[in-house]
Protein chains: 2
Amino acid sequence: MAQGPTITTIAARAGVSIASVSRVLNGLPTREETVRKVMAAADELGYVPNAVARSLKSNRTYQVAFAMADIGNPTYVAMVREIQPVLKAAGYRLVLHSTDGDVDDELDVLRRLGERYVDGLIISPLRGVAQRHLDLLTSAPAPVVVIGSVPEGTPVDNVRADSRAGVRLALEHLHGLGRRRIGLLNGPLDTVPGAARATAYTDALASLGLPYDPNLVEVGDFYRAEGALAARRLLERARPDALLCANDLIALGALDVLREERLRVPEDVALVGMDDTELATAAWPTLTSVGLGSAERGRRAAELLLDRLNDGAAAPRIVTVEPTLAVRASTEGAP
Amino acid sequence: MAQGPTITTIAARAGVSIASVSRVLNGLPTREETVRKVMAAADELGYVPNAVARSLKSNRTYQVAFAMADIGNPTYVAMVREIQPVLKAAGYRLVLHSTDGDVDDELDVLRRLGERYVDGLIISPLRGVAQRHLDLLTSAPAPVVVIGSVPEGTPVDNVRADSRAGVRLALEHLHGLGRRRIGLLNGPLDTVPGAARATAYTDALASLGLPYDPNLVEVGDFYRAEGALAARRLLERARPDALLCANDLIALGALDVLREERLRVPEDVALVGMDDTELATAAWPTLTSVGLGSAERGRRAAELLLDRLNDGAAAPRIVTVEPTLAVRASTEGAP
DNA sequence: CTCACTCCCGTAAACGTTTACGGGAGTCGC
DNA sequence: GCGACTCCCGTAAACGTTTACGGGAGTGAG
């Protein structure tokens with residue numbers, strides 16, 4: 001815990017000025033002998049440059065923040081897992097913020113960008129970019145990349161999933177299997193994913209020529225227990241032959257209830273999850289699930305941010321990641 | 001992206017010196033009118049103090065690093081999830097490092113502590129604290145808390161799981177159910193968890209009066225596919241009536257293989273996982289699993305570090321977290 | 001010998017804070 | 001009317017770097 005050596009210490013020991021020390025350590029042209037003396041002194045003292053002082057001078061912290069709702073959610077884990085190596089390879093550290101989906105927390109993170117403890121930010125606002133975000137976003141003192149949608153014309157880089165296409169994939173798959181009474185177990189409608197899945201669901205039904213039946217739709221939350229409750233409520237008043245769940249946790253909850261009710265999956269009810277997490281393959285029967293590309297979204301966001309940090313003033317970019325459908329036993333029978 | 005205002009800007013606008021600005025902003029006693037002028041100027045300019053400059057002066061970054069092998073691993077996710085709020089409540093940020101279990105990466109993290117970009121470090125070395133860690137650990141320029149074991153007498157705070165007790169819990173449970181040919185599907189023996197589980201297994205067998213049969217032990221890696229391979233190898237040469245798996249992923253792999261072989265769980269083979277992750281309840285049958293308290297270990301580690309950051313020179317503490325056994329369908333039949 | 005030029009390197013300023021120190025103005029008591 | 005004391009506040013140094021600037025020493029040409 002002792003105070004480490006500084007360039008001043010090295011300068012004294014090597015008998016040169018601190019400017020020379022700095023030059024040597026940064027590889028600027030210097031006389032051979034000076035280089036040797038400085039290097040020797042630095043080695044003997046075990047010198048490590050102070051990142052804080054360097055940051056103050058250079059205005060670069062080589063840190064990037066990632067703010068998301070909950071690091072326990074597999075979607076965000078997948079993102080972090082991809083973001084981290086990209087940043088690391090470019091010499092950046094990752095600062096993690098969990099906001100619990102609290103809008104004030106999110107705003108706080110944006111406001112704190114002014115402290116300049118990071119060079120940039122990747123943020124995934126659970127309840128979307130509200131008016132309150134907008135001013136902070138457009139005037140942010142550091143580059144920001146938003147994962148999720150952003151109002152038209154907001155000047156930030158943006159990576160989005162295509163919920164609509166994902167829901168359509170699922171419904172077409174179920175329709176192709178002959179299912180006609182396809183229910184939806186959704187999360188809260190005031191969240192970005194919840195709202196997106198709701199409208200995508202009605203649209204996809206329409207384009208398949210299926211009627212919209214409100215009895216087949218139930219709203220809960222993005223967790224297993226809430227998913228189970230929602231499933232129970234829905235089953236009490238309707239007989240779906242398929243259920244689309246807004247994420248894999250909800251699907252697990254639904255699976256619990258279906259099992260209790262002695263409804264066979266997929267014979268009686270076909271089940272589709274979303275996000276295609278490892279829970280989908282842990283479940284039994286394994287879960288057909290719509291992958292919304294969390295990993296890829298994370299990676300792309302990190303790349304966008306690094307680009308922005310390097311060149312700076314290009315036009316904001318919007319990247320849309322295509323969904324994929326992983327077909328498994330919960331719709332097609334064979335594990 | 002404009003350069004933000006500094007205390008100099010504020011001082012100019014308020015017509016006072018930078019010292020007064022600093023005093024006001026830090027709540028030091030100041031004349032009423034000065035306070036008003038400074039506050040007004042700061043508000044109008046939207047001033048946010050520069051964290052880097054502050055750190056340089058105060059020698060405090062209010063950042064803490066957590067280094068672990070892989071953020072995809074549910075064990076570490078559980079830790080991060082607990083560490084984050086503890087740190088946040090105390091005003092610290094979390095810097096995340098994934099080392100991929102690479103010892104050189106771990107050493108690098110330790111070495112970089114000299115850059116003083118964090119005030120402290122929580123590290124969970126996958127392959128244990130080797131001699132090479134020791135010098136760096138004892139001479140670390142910032143407090144370090146190790147999650148996992150540490151050689152006797154190493155002067156660092158330390159939080160450990162009780163693998164031995166966990167394995168004993170599992171074996172006693174299986175023994176109580178009448179199982180006598182209890183196999184072990186382990187991870188690599190040169191990792192801390194792998195080694196601990198191996199010796200704990202032989203010890204527990206001995207204390208139960210069961211013979212040790214090398215045919216019932218197989219080593220793979222801590223992933224599902226490797227777990228499946230190991231299970232297959234073991235089943236080719238032995239007929240266990242129970243399998244203890246070194247983590248839940250391995251157990252899932254084993255479950256896949258048992259299903260293929262048409263062996264019933266738990267009737268033919270009882271199955272126990274470790275770490276008690278959410279995968280255990282996602283699986284079917286649900287998995288009995290030994291919880292090693294990842295969440296609690298994370299929380300305790302964060303608390304130890306904060307204590308150390310506050311008072312400093314107390315004697316190093318060792319905290320051991322007790323294991324728990326979550327009994328589920330894979331050993332007791334009813335889901 | 002002097003001038004021009006090159007090559008190194010040291011002095012000092014700067015990044016944005018915090019804080020020790022001392023000075024000026026005011027009050028009070030004698 | 002002056003010393004002692006208090007209350008504010010400004011000047012300047014410091015944290016550990018990077019870097020602009022300029023000076024000294026050496027070389028070569030004229």
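The structure displayed is predicted, hence computed values, not measured ones. Proteins come first, then strands; the chains are lettered A, B, ... in the order of their sequence lines, and each starts at number 1.
Of the candidates D:dC15, C:dC9, D:dG10, D:dC15 carries the atom nearest the B:Leu56 side chain, counting heavy atoms from C-beta on. Among the nucleotides C:dG10, C:dT17, D:dG10, the one closest to any side-chain atom of A:Val16 is C:dG10. Which of D:dT18, C:dA12, C:dT18 sits closest to the side chain of A:Arg54 comes down to D:dT18. With C:dG16, C:dT18, D:dA12 as the choices, the nucleotide that has an atom nearest any side-chain atom of B:Asn26 turns out to be C:dT18. Closest to the B:Ile18 side chain, of the nucleotides C:dT17, C:dA12, C:dC8, is C:dT17.
Applying the 4.0 Å criterion to OP1 and OP2 of D:dC9, one finds that B:Thr34 has a side-chain N or O inside that range. Side-chain N/O atoms of A:Arg23 include none lying less than 4.0 angstrom from OP1 or OP2 on C:dC9. Note on B:Thr6: every side-chain N or O is 4.0 Å or more away from OP1 and OP2 of C:dG16. For D:dT17, the OP1/OP2 oxygens have a side-chain nitrogen or oxygen of A:Tyr47 closer than 4.0 Å. Distances shorter than 4.0 Å separate some side-chain N or O of A:Ser22 from OP1 or OP2 on D:dT18. Regarding contacts with the backbone of C:dG10, a side-chain N or O of A:Ser20 is found under 4.0 angstrom from either OP1 or OP2.
Taking atom CG on B:Leu28 and atom P on C:dT18, their separation rounds to 9 Å, with Å as the unit. In this entry the distance linking CD of A:Glu115 with P of C:dC15 reads 20 Å, nearest Å. A:Leu25 places its CG atom 13 Å from the P atom of D:dT19, with the value rounded to the nearest Å. If you take CZ of A:Arg60 and C1' of D:dT17, they are 17 Å apart, rounded to a whole angstrom. The interatomic distance linking A:Arg36 (CZ) with C:dC9 (P) rounds to 12 Å, in whole Å. Whole-Å rounding puts the A:Asn59 CG to C:dG16 P distance at 7 Å. Rounded to an integer number of Å, the gap from CG of B:Asn50 to P of D:dG16 is 17 Å. Per the geometry, CZ belonging to A:Arg116 stands 11 Å off P belonging to C:dT17, to the nearest Å.
Under a 4.0 Å N-O distance rule, the pair B:Asp307/B:Arg300 does not qualify as a salt bridge. Here A:Glu33 does not pair with A:Arg36 in a salt bridge; the nearest charged N to carboxylate O distance is not below 4.0 Å.
Using a 4.0 Å heavy-atom cutoff across all strands shown, B:Thr30 reaches sugar-phosphate atoms only and no base atom. Across all strands shown, A:Pro29 has no heavy atoms under 4.0 Å from either base or sugar-phosphate atoms.
Side-chain contact annotation: B:Tyr92 with B:Arg60, donor-acceptor N/O pair under 3.5 Å present.
For B:Lys57 and B:Arg31, each mapped to the nucleotide of DNA chain D holding its nearest heavy atom, the one lying further toward the 5' end belongs to B:Arg31.
Here the closest heavy-atom approach between residue B:Thr8 and residue B:Ile18 is recorded as CA-CG2, 3.8 Å.
Between A:Val21 and A:Val24, the closest side-chain pair of non-hydrogen atoms is not below 4.5 Å.
A:Tyr62 does not carry A:Arg93 over the face of its six-membered ring by the limits of under 6.0 Å from the centre and within 45° of the normal.
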